[in-house]
Amino acid sequence: MLTKIYPDTPNWHTIDQIVAQLLEGNLIIYPTGIGYAYGCSALKQRAIEKVCALKGVDWRKHRLAVMCPSINSIPEYAKVDNRVFQYMKAHEREPITYILPAKSELPKILQNNHEIGVRLSQHPVTTLLLEALGSPLLTASLPIRHEEVEYLTNPELIDECYGKDVYTVVDGGISEGGYTSIIRLTEGEEEIVREAQIGFSSLL
């Protein structure tokens, strides 16, 4: 099912219902700012395993990432020194997944070689959900099941294709689609693993 949340006048009862489902280990699909992603509580290992099964990936080999509401929340889950913090602050409006040294507060299923992928919310509805949840969301791109790109960017079509797999599809409007940059910030070095690609026109 589709759930519409208006960021300027949010229905807090609806948000609380979604949060309750996440805390019970259920999955959602939600807007990331450039696209849509599977999400679940990043503290629920069984839920993370369900997402991996839907994507057909082995969590032992595939790097997973979490979505945080703000830079200030990241040090709870990843090791961040002042240099890294300032780097992220300078780029907080950009679509970037950071690879950072992991802390033990997140399940080991999320820690690949003691590192964790971290994104910052760039969609106001997702920020509201994260703040109400009080912990990160897993963020995992939708698998490509249909040749038309709208099935990855249009919430109504996403609900048609993927909705049966999750509690709800949070409608954040039609997105551009694409992928974030991936930047590793460990051991005092910046390593660009992947450049951002906004829009799916050249990808499919």
Side-chain angles (χ1 to χ4, degrees), residues 29-39 42 48 51-52 54-75 77-102 106 109-127 130 136-155 157-158 162 172-204:
I29 292 173
Y30 68 99
T32 65
I34 61 172
Y36 281 81
Y38 284 128
I48 297 168
V51 172
C52 290
L54 288 172
K55 285 180 61 66
V57 300
D58 183 345
W59 59 267
R60 299 170 187 83
K61 302 175 182 177
H62 187 83
R63 186 179 304 284
L64 302 173
V66 299
M67 182 78 72
C68 292
S70 68
I71 291 175
N72 291 333
S73 63
I74 292 176
Y77 308 100
K79 297 174 184 177
V80 177
D81 61 23
N82 185 63
R83 183 194 65 83
V84 169
F85 185 89
Q86 293 303 320
Y87 183 95
M88 292 191 297
K89 190 170 182 62
H91 298 275
E92 64 181 317
R93 299 299 180 189
E94 298 176 31
I96 298 173
T97 299
Y98 297 101
I99 300 174
L100 300 168
L106 291 173
I109 189 173
L110 291 173
Q111 300 179 33
N112 186 318
N113 294 324
H114 305 290
E115 295 178 332
I116 180 68
V118 177
R119 290 180 63 178
L120 290 171
S121 173
Q122 294 186 320
H123 196 287
V125 168
T126 296
T127 301
L130 285 163
L137 282 169
L138 180 77
T139 181
S141 61
L142 301 177
I144 297 175
R145 295 181 183 170
H146 202 286
E147 62 183 12
E148 295 181 28
V149 298
E150 288 81 5
Y151 279 83
L152 297 174
T153 59
N154 183 314
L157 295 179
I158 289 170
Y162 305 91
I174 295 174
S175 69
E176 291 181 278
Y179 300 106
T180 67
S181 296
I182 298 177
I183 298 177
R184 177 179 281 108
L185 295 175
T186 56
E187 299 180 356
E189 299 292 334
E190 171 195 344
E191 176 190 353
I192 298 175
V193 179
R194 182 182 72 189
E195 298 279 0
Q197 172 68 62
I198 306 302
F200 278 116
S201 58
S202 63
L203 297 177
L204 299 178

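All values below come from the heavy atoms of this structure, side chains included, with hydrogens, waters and symmetry mates left out. Quick note: residue numbers are just sequence positions, from 1.
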We want to know whether H91 and E94 form a side-chain donor-acceptor pair, criterion being a heavy-atom distance below 3.5 angstrom. yes
State whether a side-chain donor-acceptor pair under 3.5 Å links S175 with T153. no
With sequence neighbours left out, write down each residue that passes ring-ring contact (aromatic ring centres under 6.0 Å, His included) with Y151, or none if nothing qualifies. H146
Sequence-distant partners of Y162, ring-ring contact (aromatic ring centres under 6.0 Å, His included), two or more places apart: none
[X] [atom1] to [Y] [atom2] distance, which is reported to the nearest 0.5 Å:
{"X": "Y98", "Y": "E190", "atom1": "OH", "atom2": "CD", "result": "9.0 Å"}
{"X": "E92", "Y": "Y87", "atom1": "CD", "atom2": "OH", "result": "13.5 Å"}
{"X": "M67", "Y": "Y30", "atom1": "CE", "atom2": "OH", "result": "4.0 Å"}
{"X": "N72", "Y": "M88", "atom1": "CG", "atom2": "CE", "result": "9.5 Å"}
{"X": "I192", "Y": "I183", "atom1": "CD1", "atom2": "CD1", "result": "5.5 Å"}
{"X": "C68", "Y": "L137", "atom1": "SG", "atom2": "CG", "result": "9.0 Å"}

Assess whether atom CZ of R145 is packed by more than 12 heavy atoms of other residues, nucleotides or ligands within 6.0 Å. yes
Enclosure of K55 NZ (heavy-atom neighbours >12, cutoff 6.0 Å): yes
Contact between [X] and [Y] at the side-chain level, heavy atoms closer than 4.5 Å - yes or no?
{"X": "Y36", "Y": "L152", "answer": "no"}
{"X": "V118", "Y": "I116", "answer": "yes"}
{"X": "L138", "Y": "L64", "answer": "yes"}

For the residue pair [X] and [Y], what are the closest heavy atoms and their distance?
{"X": "Y38", "Y": "V51", "value": "CB-CG1, 3.9 Å"}
{"X": "A42", "Y": "L110", "value": "O-CD1, 3.4 Å"}
{"X": "P155", "Y": "G173", "value": "CD-O, 3.6 Å"}
{"X": "S70", "Y": "S73", "value": "O-OG, 2.7 Å"}
{"X": "H123", "Y": "P31", "value": "CD2-CB, 3.6 Å"}
{"X": "A196", "Y": "S181", "value": "N-OG, 2.9 Å"}

Check: E150 side chain, L157 main-chain N or O, donor-acceptor pair, under 3.5 Å: no
Passes side chain to side chain contact (heavy atoms under 4.5 Å, CB included), T180 versus R194? Steps please. CA-CA 8 Å; T180 67; R194 182 182 72 189; 3.5 Å; yes
Give me each pair satisfying salt bridge (Lys or Arg N to Asp or Glu O under 4.0 Å) with a member in residues 112-121, each pair once, sequence neighbours excluded. R63-E115, E115-R184
Worked check of side chain to side chain contact (heavy atoms under 4.5 Å, CB included) between L120 and I71: CA-CA 7 Å; L120 290 171; I71 291 175; 3.5 Å; yes
Verdict with supporting geometry, I74 and L100, side chain to side chain contact (heavy atoms under 4.5 Å, CB included): CA-CA 10 Å; I74 292 176; L100 300 168; 3.9 Å; yes
